[in-house]
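A, B, ... follow the sequence lines: proteins, then strands. Residue 1 opens every chain.
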Amino acid sequence: MPHCYNRVMPELPEVETVVRDLQPLLVSKCIVSVRVGKHKLRHPWKPRWTKRVTGRKVAALRRRGKWIIIDLDNDSHLLAHLGMTGRFTVEPPEAKTGAHTHLIFTLDSGAQLRFRDVRRFGSVRHCATSTELERELASKLGPEPWELTPDRWLASLKATSRCLKAVLLDQHIVAGVGNIYADEALFAARLAPRQRGRRTSPEQAEQLRLAIVAVLDRAIAARGTTFRDYVGGNGQAGGFQHALAVYGRASEACRECGNEIRLTRLAGRSTHYCPNCQPFRRMQRRRAVS
DNA sequence: CCGACGTCCTGCTAGC
DNA sequence: TGCTAGCAGGACGTCG
């Protein structure tokens, strides 16, 4: 009853929603103890991290790409990724601990911050200094979509032969876009997922950049995408699933033109598109010489 | 160097 | 009805 398995696929809008929801519950609260589960996460929790975080106050909560950053008052930071099924909840200590709960931070408010992750694609780690945190983030992430300049974006596209879908999923180029919003942004820009980066015109690049920002803005306003009713915890369901144009709509009718939405596999991921609205023009063959 | 692909992990579901 | 193979995917490692 308290929780049923729901698919959220946390991308930027979902992570932003989590951060906003957790902020009032965590900021200025003190971590009084840490309890660690027996299953290993991607980055196993180290005992010395417990020493560094206990007694520390949460100074701020923020997001970078799909990463959650919890700033502590000793200039150290918790850096967390939800992966596919990672969930943070704030619950009273007497609340039943669900299966797959890997970390429990007890706060001086009396509540507990809990990290649960069924598939363990997620991670929670500790960075001892902001320098370490910044180095870590810089090695993983390109700019936030809103900070990505048209020039830099076009240069990134022109520099690669990968298809647009793969480029959108590359966190080094633009941070925060995952499989759902990559497909949605490509549809909004009327560009074929298969189109090669370097075949993209400046006009198309700008269309796509604006589409990314617009789709993410709308998804954040809707509190993200949820694929199943979410019950319990402190999270409300997102609403963007109703606004999806292509993702999860394979073989349904395109709302724009009525054509059938296609599903294919690209960059190792399921990829949804409308072949009519997002026509793929093969590379023009040079006219044969002779 | 770059890009493609495999790996991790488990719950759900389609299909026999 | 019951079982199982296949699918879902973000980050990262490996291979060509």
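When distances are taken from the side chain of A/Lys140 to each of B/dA4, C/dC12, C/dG10, the shortest belongs to C/dC12. When distances run from any side-chain atom of A/Arg42 to the nucleotides C/dG9, C/dC12, B/dG3, the shortest one goes to C/dC12. For A/His100, taking side-chain heavy atoms from C-beta onward, the closest of the listed nucleotides C/dG9, B/dG3, B/dG11 is B/dG11.
A donor-acceptor pair is defined here as one N or O able to donate and one able to accept, closer than 3.5 Å; no such pair exists between the side chain of A/Glu144 and the backbone of A/Arg64. Listed for the A/Thr160 side chain is no donor-acceptor partner under 3.5 Å among the backbone atoms of A/Leu157. Proximity of a side-chain donor or acceptor of A/Glu260 to a complementary backbone N or O of A/Cys254 within less than 3.5 Å is not detected. Between the side chain of A/Ser109 and the main chain of A/Lys29, no donor-acceptor pair closer than 3.5 Å is present.
Straight-line distance from the CZ atom of A/Arg162 to the P atom of B/dC1: 15 Å, rounded to whole Å. Between A/His172 atom NE2 and C/dA11 atom P the separation is 10 Å, expressed in whole Å. Taking atom CD1 of residue A/Ile68 and atom P of nucleotide C/dG10, one finds them 15 Å apart after rounding to whole Å. Between the P atom of C/dA11 and the CD atom of A/Glu136 lies a distance of 13 Å, rounded to the nearest Å. Here the P atom of nucleotide B/dT10 and the CZ atom of A/Arg87 are 15 Å apart, to the nearest Å.
Residues A/Phe105 and A/Trp45 bring their aromatic ring centres within 6.0 Å.
If you find the closest nucleotide of DNA chain B to A/Arg198 and to A/Arg269, the one lying nearer the 5' end belongs to A/Arg198.
In DNA chain C, the stems built from three or more successive Watson-Crick or G-U pairs (distances below 3.5 Å) are B:2-16 with C:2-16.
Stacking of the aromatic ring of A/Phe121 onto the base of C/dG10 is found: the ring centres lie under 5.5 Å apart and the planes are inclined by under 30°.
Listed pair A/Gln171 / C/dA11 meets the phosphate criterion, a side-chain N or O lying under 4.0 Å from OP1 or OP2.
Side-chain N/O atoms of A/Ser76 and A/Asn74 include a donor and acceptor closer than 3.5 Å.
In this model, a side-chain donor or acceptor of A/Arg119 finds a partner on the base of C/dA8 within 3.5 Å.
Because its NZ or CZ atom is both nearer than 6.0 Å to the ring centre of A/Phe187 and within 45° of the ring axis, A/Arg190 counts as a cation-pi partner of that residue.
Using a 4.0 Å heavy-atom distance criterion, A/Arg120 is classed as a sugar-phosphate-only contact. At the heavy-atom level, A/Thr160 lies under 4.0 Å from the strands shown only through sugar-phosphate atoms.
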